Peer 1: 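So that we are looking at the same thing, I have put the structure below in structure tokens.
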Amino acid sequence: MTVTLADVAARARVSPATVSRVLNGNYPVAASTRERVLKAVEELDYVLNGPASSLAAATSDLVGVLVNDIADPFFGIMASAAQSAIGEGGSGRAGGEKLAVVCNTGGSPERELTYLTLLQRQRAAAVILMGGSLEDPEHLAATAAKLARMAEAGTRVVLCGRPPVPGDAHTAALVFDNRAGGRRLTEHLLGLGHTRIGYVAGPADRTTTRHRLEGHREALAAAGATEGPTVHGPYDRAAGHAAVAELLARDPGLTAIVAANDTVALGVCAALRERGLSIPGDVSVAGFDDLPFSVDAVPALTTVRLPLHDSGVRAGRLAMGTEDAPAHGTETVPGELVVRDSTAAPRG
């Protein structure tokens, strides 16, 4: 049921005119009254009317694209591809254009919900959520509820590289098979003869981190190999650089290190070289994602290639309704093992 201004007024025990004054900010209102009104708005999830041009339609011409960090090539490639695909629907003055707005959450669950609320108020035609999600039950429940309300209002919800959770209301979910990719990467190292393998994982509370690490552990278990040390950190170069000291302190005999992604792998490589260790002569290094710089790294990185550009394009078209959604709403997107010069058989 749609929440009305009168509902908010009743909850806050004020008149509808007072609610309007608080929300429009064009008339002085006592602080205690303002607080009651805003609390009622939050409790009822009241959505203010967006621009007048969107009121006559179920949705506006706005498409929101939520990413953790637009400066990260992982997100930048997908967001750029999605924006291009969204623009395909434009027809000049004839109409049909959509405005794609990239929302940078910085990995903050609060910012993610804030952006979704703002897009809900603007009656966004679609929203695309990119990358893994935070594994926090309270946040997942709040997000699922928000997406359900947006879907009910006519907003297309597309998940790109983000696994759905129970209660999610989505038009389509494109889910990267991070678990299988992590397994293949470690199987490759085991096949070369490595048995002492360290792992630099991403943040422990992210689905992407868990799935890639689970794949790594599955491969070790299947081969009867002992799991080496694991260090968690952000998905950035500094984390990889810092992790090497701890990994080698816990096992000085490591012959291979798997990194959470290619950016982390660059930091690992730099730290190993600073210690006089060669790659892959002394230690093999593998990344994940196959970001554009991976092939130009020295040595070129062994990694798992994810179809980031193609997935972004498909997400954009799904958001526009120009491609059919996958059966049952979810499509698994496989990765491809790419073997390059940064991995080789261990010495001796």
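Atom set for the values below is all heavy atoms of this structure, side chains included, hydrogens, waters and symmetry mates excluded. Worth saying up front: this structure is predicted, and the values here are computed from it rather than measured.
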Peer 1: Between the main-chain N or O of L291 and the side-chain N or O of S294, is there a donor-acceptor pair closer than 3.5 Å?
Peer 2: yes

Peer 1: Quick one: are I257 and V200 in side-chain contact, heavy atoms under 4.5 Å?
Peer 2: yes

Peer 1: Got a donor-acceptor contact below 3.5 angstrom from the R162 side chain to the T207 backbone?
Peer 2: no

Peer 1: Any carboxylate oxygen within less than 4.0 angstrom of a Lys/Arg side-chain nitrogen, looking at R184 and D177?
Peer 2: no

Peer 1: What's the spacing between E135 CD and L140 CG if we round to 0.5 Å?
Peer 2: 7.5 Å

Peer 1: Would a distance-only check, ignoring hydrogens and angles, find a side-chain to backbone donor-acceptor pair under 3.5 Å from S80 to G76?
Peer 2: no

Peer 1: Out of H211, H216, R217, which one pairs with R179 under the side chain to side chain contact (heavy atoms under 4.5 Å, CB included) rule?
Peer 2: H211

Peer 1: Looking at T302 and R340, would you say the former's side chain and the latter's main chain have a donor-acceptor pair under 3.5 Å?
Peer 2: yes

Peer 1: Which value, rounded to the nearest 0.5 Å, describes the distance between L66 atom CG and F75 atom CZ?
Peer 2: 10.5 Å

Peer 1: So if I apply the side-chain hydrogen bond (donor to acceptor under 3.5 Å, both in side chains) rule between Y235 and each of T208, T209, N261, which one comes out positive?
Peer 2: T209

Peer 1: Answer whether the closest heavy-atom distance between the side chains of P326 and R314 falls below 4.5 Å.
Peer 2: yes

Peer 1: Hey, does the side chain of R275 reach the backbone of A271 with a donor-acceptor pair shorter than 3.5 angstrom?
Peer 2: yes

Peer 1: Tell me, with the steps shown, if S284 and L189 meet side chain to side chain contact (heavy atoms under 4.5 Å, CB included).
Peer 2: CA-CA 8 Å; S284 288; L189 293 171; 4.3 Å; yes

Peer 1: Step by step, work out the side chain to side chain contact (heavy atoms under 4.5 Å, CB included) result for L272 and D282.
Peer 2: CA-CA 9 Å; L272 290 172; D282 294 312; over 6 Å; no

Peer 1: Roughly how far apart are T155 OG1 and L147 CG, rounded to 0.5 Å?
Peer 2: 9.5 Å

Peer 1: Thinking salt bridges, do R212 and D289 make one under a 4.0 Å N-O criterion?
Peer 2: yes

Peer 1: Please check this pair: side chain of R183 against backbone of G215, looking for a donor-acceptor N/O pair closer than 3.5 Å.
Peer 2: no

Peer 1: Ignoring hydrogens and angles, tell me if any N or O in the side chain of T105 forms a donor-acceptor pair with the backbone of G107 under 3.5 Å.
Peer 2: yes

Peer 1: For the pair T303 (side chain) and V338 (backbone), establish whether a donor and an acceptor sit closer than 3.5 Å, ignoring hydrogens and angles.
Peer 2: no

Peer 1: Taking T263 for the side chain and D236 for the main chain, is one N or O donor matched with an acceptor at less than 3.5 Å?
Peer 2: no

Peer 1: Mind checking whether L174 and V127 sit in one hydrophobic cluster, side chains of I, L, V, M, F, W, Y counted as touching below 4.5 Å?
Peer 2: no

Peer 1: Only one of K146, Q122, E112 passes side-chain hydrogen bond (donor to acceptor under 3.5 Å, both in side chains) with T117; say which it is.
Peer 2: K146

Peer 1: Mind checking whether L337 and L185 have side chains closer than 4.5 Å, heavy atoms only?
Peer 2: yes

Peer 1: Is it the case that more than 12 heavy atoms not belonging to E35 sit under 6.0 Å from its CD atom?
Peer 2: no

Peer 1: Between the main-chain N or O of V268 and the side-chain N or O of H241, is there a donor-acceptor pair closer than 3.5 Å?
Peer 2: no

